[in-house]
J.: 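Have a look at this one.
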Amino acid sequence: MLMKQYLLKETIPLVKKSFQIDYEKELNPAQLEAATILDGPVLVIAGAGSGKTRTLVYRVARLVESGVPPENILLLTFTRKAAQEMLRRASMMIDDRCERVHGGTFHAVANSLLRRYAPLIGYSSAFTILDRSDAEDIINLLRTQMGLSEKSRRFPRKNTIAEIFSKSVNKMEPISHIMEQEYFHFYEELQELLGLQELYKKYKEQNQLMDYDDLLVNFRTILENHPDVRAEISRKFRFLMVDEYQDTNRLQSEIIQFIASEHNNVMVVGDDSQSIYSFRGANFRNIMDFPKRFSGTRIITLEENYRSTQPILDLTNEIIINAKEKYTKHLFTKKTKGALPILIAAENENYQSRFICQKVLEIREEGVPLDEIAILCRAAFHTFDLEIELARRNIPYVKFGGFKFIETAHVKDVLAHLRLLINPRDAISWHRVLMLIGKIGPRTSHNIIEWIIKNRKEPEDLTSYPEKAKFTEGIRQLHELLTTLTRKGLTIPDQINLTCRYYEPILKNKYDDYPKRLKDLEHLQNITARYSTLEHFLSDLALEPPNESVAGVAAPDSDDERLVLSTIHSAKGLEWNTVFIIWALEGKFPSSYAFNSEEEMEEERRLMYVAATRAKENLFITYPVNIYDRVSGKVFSKPSRFVREIPSELFENWALTEELDYSY
DNA sequence: CTTTCAGACCTTTTT
DNA sequence: GGTCTGAAAG
């Protein structure tokens, strides 16, 4: 018999480096020191734009090059994207061994280890991760059951409750303490809240659910109570690196200590001036406590800025110099020449939007691509007017931060059906799915769910629900969908597709803007294509939802350059040639929410610092004047205090004037 | 008893 | 856009 020969090719490394990395030449002395100390605790204080990422990348490369098995390195970052990017760069320098380094967020790492060790704390390894809104839905359900939603009471709403619970966990402080500090107006409900928290905890345990905080808490508990597991994990991750350390909380810092317990090989990198997540329990004092927790810590400070021009740096230094509490660094740069930052007063919001559109196009004409220009805002909704203006002028953009497309009602609706396949006891998803059917309201939905849970029914039994009523046809269709979805051989995109077909009529009925929403659902199918199991897809989605907001997804998906709109929080660690900071108005930025607390006001300042330090060459700060604020009933007209403090010679002032229209 | 719909009110930042 | 309420309609 004649056999065809099929030749297996030799595996080629991603990039083969034929020459040695010249660490001395490619890094400055401080970076070099940080990248080449391979043992012991190290604290790197890295100013904005000082090559922090570069240093971490070189250190990973150095470790791997020196023979450390990549599996023994753990790189904890703020987002998975940051980790992937760093490991990709390290791989380019040596070879793709670096891809085998463990990298990701605390939550993602906790999740993967809990999948193995959850039985130690009475959980199954197949637990479901609740995202924030799932958690809120459960809290709401339990709150109603406890009779706490009667209208006579002023009981906090579900999102406030979730916030209180979460803060208490992340700061490792009792609820009473959190309420004294930040929610004093609800203090008389303390006992009820404690009861509700107890109930919430039980509910999660009974239904195999973990919210974001549980991932960290349970992981920490296992590390603390099981010395054998702690030692095993610590020995596995013999080299630990933590990025953005200023934004970790107490819980996370304890986890680090446990993981490092066997060897103390831990390097943390951060900048106290860029701590902007205290609302999530982060505490920049973690940085200063680090040497206390790890004796013999070496401290390295990176002070040379490679990002911005001197005029921009002069301005940002001025913003942070007025911070009440900080650990002094002095940033300097070799890029001495450059344009002064510009402060623009606009008459109203629409003038601000028009100015930005016009200026963006001008700068593009000068040769700066759109994706090198960013509009940064304090809160995602601050860009609404601008987005309309951009659309009117056909300027393509992506938006990061704020409302994520995964959180939109239609995407959640579709996903709820899929979640039932994994966990038929998921009451929250059942509720969502049932409420979509006509003639089924909260009462009927509740009855059906009770029937399912009590009688341990599977989705296939749905048609045998005893009550014959006006909604039987709807139930029959749902039943048909759910049974079809469990057929063998379906890929996840297939399942999404089938669900969408079932959901489409409902969608059209429910929303006038359904074409836009249908596009989102198509996008969802694209995302799923790379997953092999539904479980994996769903927990990934909860842990690392795509960061793009709704509008960005709906935009034409050309590969062409697009202008970037982002919240400052989502702009962490990034940089652009040109940056616009909008709404630099007292009451908006700093937000009026921060007026009552000095600590929060300090965080607003750091936010302004983070925003301004994103700019490489051009920085524009704009504010509209005479804005009526419905919340406070006041007129905001003063530019942000962080701008007013700055000596006027450090920026240019522009006023906008309307071009007169002579066409009449 | 339950669903549906209209209107009022609020909306920071995120794993 | 969401959440919550009250009142009409089924």
Side-chain angles (χ1 to χ4, degrees), chain A residues 76-82 104-111 129-133 135-137 140 144 149-151 155 157-160 162-163 166-167 169-170 210-216 244 247-249 251-252 275-282 376-382 384 400-404 406-410 412 435 437-447 467 469-471 509-513 516-517 539-545 547 549-551 566-572 583 587-594 600 603-604 606-607 610-611 629-632:
Chain A
L76 289 168
T77 53
F78 209 70
T79 61
R80 179 170 48 189
K81 222 172 98 190
T105 63
F106 278 86
H107 292 85
V109 170
N111 172 52
I129 300 172
L130 300 172
D131 68 20
R132 183 55 176 265
S133 68
E136 286 178 3
D137 287 347
N140 211 24
T144 318
S149 11
E150 291 133 48
K151 55 185 165 178
F155 200 74
R157 300 230 210 111
K158 59 176 182 181
N159 54 20
T160 315
E163 220 171 274
S166 180
K167 269 213 173 134
V169 169
N170 283 292
M210 289 197 205
D211 63 22
Y212 287 142
D213 300 332
D214 293 327
L215 291 172
L216 298 184
E244 309 282 7
D247 285 319
T248 55
N249 57 41
L251 193 51
Q252 290 166 320
S275 160
I276 53 175
Y277 277 86
S278 71
F279 68 91
R280 205 166 93 178
L376 303 182
C377 55
R378 172 68 183 86
F381 70 87
H382 288 169
F384 285 172
F400 297 99
F403 213 68
K404 297 195 182 80
I406 213 76
E407 294 167 337
T408 53
H410 48 293
K412 298 207 73 162
M435 288 289 283
I437 299 172
K439 314 284 183 230
I440 295 184
R443 190 75 240 174
T444 312
S445 157
H446 182 80
N447 289 342
E467 200 175 317
K470 52 220 177 226
F471 50 75
N509 196 280
K510 212 168 149 187
Y511 303 103
D512 288 341
D513 60 346
K516 210 170 80 192
R517 291 169 191 262
S539 47
D540 247 35
L541 214 52
L543 285 172
E544 292 275 347
N547 204 17
S549 304
V550 196
S566 176
T567 59
I568 297 164
H569 286 88
S570 297
K572 195 179 178 46
W583 278 108
K588 292 281 183 184
F589 188 8
S591 155
S592 49
Y593 289 87
E600 283 179 58
E603 181 143 317
E604 298 286 317
R606 292 191 296 266
L607 264 169
V610 170
D629 182 57
R630 280 217 328 268
V631 182
S632 59

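Quick note on labels: first sequence line is chain A, next is B, and so on, each numbered from 1. Note that the structure is predicted; figures quoted are calculated from it, not measured.
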J.: Given dT14(B), dC4(C), dT12(B), identify the nucleotide with an atom nearest to the side chain of N140(A).
T.: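 It is dC4(C).
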J.: Across the strands shown, which category fits I440(A) at heavy-atom distances under 4.0 angstrom: base, sugar-phosphate, nothing?
T.: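 Sugar-phosphate contact only.
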J.: Is K412(A) paired with D137(A) through a side-chain N to carboxylate O contact shorter than 4.0 Å?
T.: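 No, this pair does not count.
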J.: Among dG1(C), dT11(B), dT13(B), find the nucleotide with the atom closest to the side chain of Y593(A).
T.: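 Of the candidates, dT11(B) comes closest.
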J.: Are Y277(A) and dT13(B) stacked, counting the six-membered base ring, centres under 5.5 Å, planes under 30°?
T.: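 One would not call Y277(A) stacked on the dT13(B) base.
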J.: Any salt bridge linking E163(A) with K167(A)? Criterion: basic side-chain nitrogen under 4.0 Å from a carboxylate oxygen.
T.: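 Answer for the salt bridge query: no.
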J.: At their closest point, which heavy atom of R280(A) faces which heavy atom of N170(A), and how far apart are they?
T.: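 Here R280(A) and N170(A) meet closest at O-CB, 3.5 Å.
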J.: Nearest to the side chain of R443(A), heavy atoms from C-beta on, is which of dT3(C), dT3(B), dT12(B)?
T.: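 Of the candidates, dT3(B) comes closest.
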J.: Side chain of T567(A), heavy atoms from C-beta onward: which of dT14(B), dG1(C), dT15(B) has the nearest atom to it?
T.: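 Closest nucleotide to the T567(A) side chain: dT14(B).
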J.: Applying a 4.0 Å non-hydrogen cut-off, can you work out what A409(A) is touching in the nucleic acid: base, sugar-phosphate, or nothing?
T.: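 Result for A409(A) = sugar-phosphate.
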J.: Is F279(A) stacked on the base of dT14(B), with ring centres under 5.5 Å apart and planes under 30° apart?
T.: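 No, F279(A) does not stack on the base of dT14(B), since the centre distance and plane angle fail the 5.5 Å and 30° test.
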J.: How many Å lie between CG on L607(A) and P on dT14(B), as a whole number?
T.: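 So the two atoms are 10 Å apart, to the nearest Å.
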J.: Over all strands shown, is A380(A) touching base, sugar-phosphate only, or nothing at heavy-atom distances under 4.0 angstrom?
T.: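 Since only primed, P, OP1 and OP2 atoms lie under 4.0 Å of A380(A), the category is sugar-phosphate.
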J.: Looking at every non-hydrogen atom in both residues, tell me the closest pair between K588(A) and R378(A) and how far apart they are.
T.: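 In terms of heavy atoms, the two residues are closest at O-CG, 3.6 Å.
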J.: Is K572(A) close enough to dT14(B) that one of its side-chain N or O atoms is under 4.0 Å from OP1 or OP2 there?
T.: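 No, K572(A) has no side-chain N/O under 4.0 Å of OP1/OP2 on dT14(B).
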J.: Quick check: on DNA chain C, is the nucleotide nearest R157(A) upstream (toward 5') of the one nearest K439(A), or the reverse? Name the residue that is more 5'.
T.: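 Result of the comparison: R157(A).
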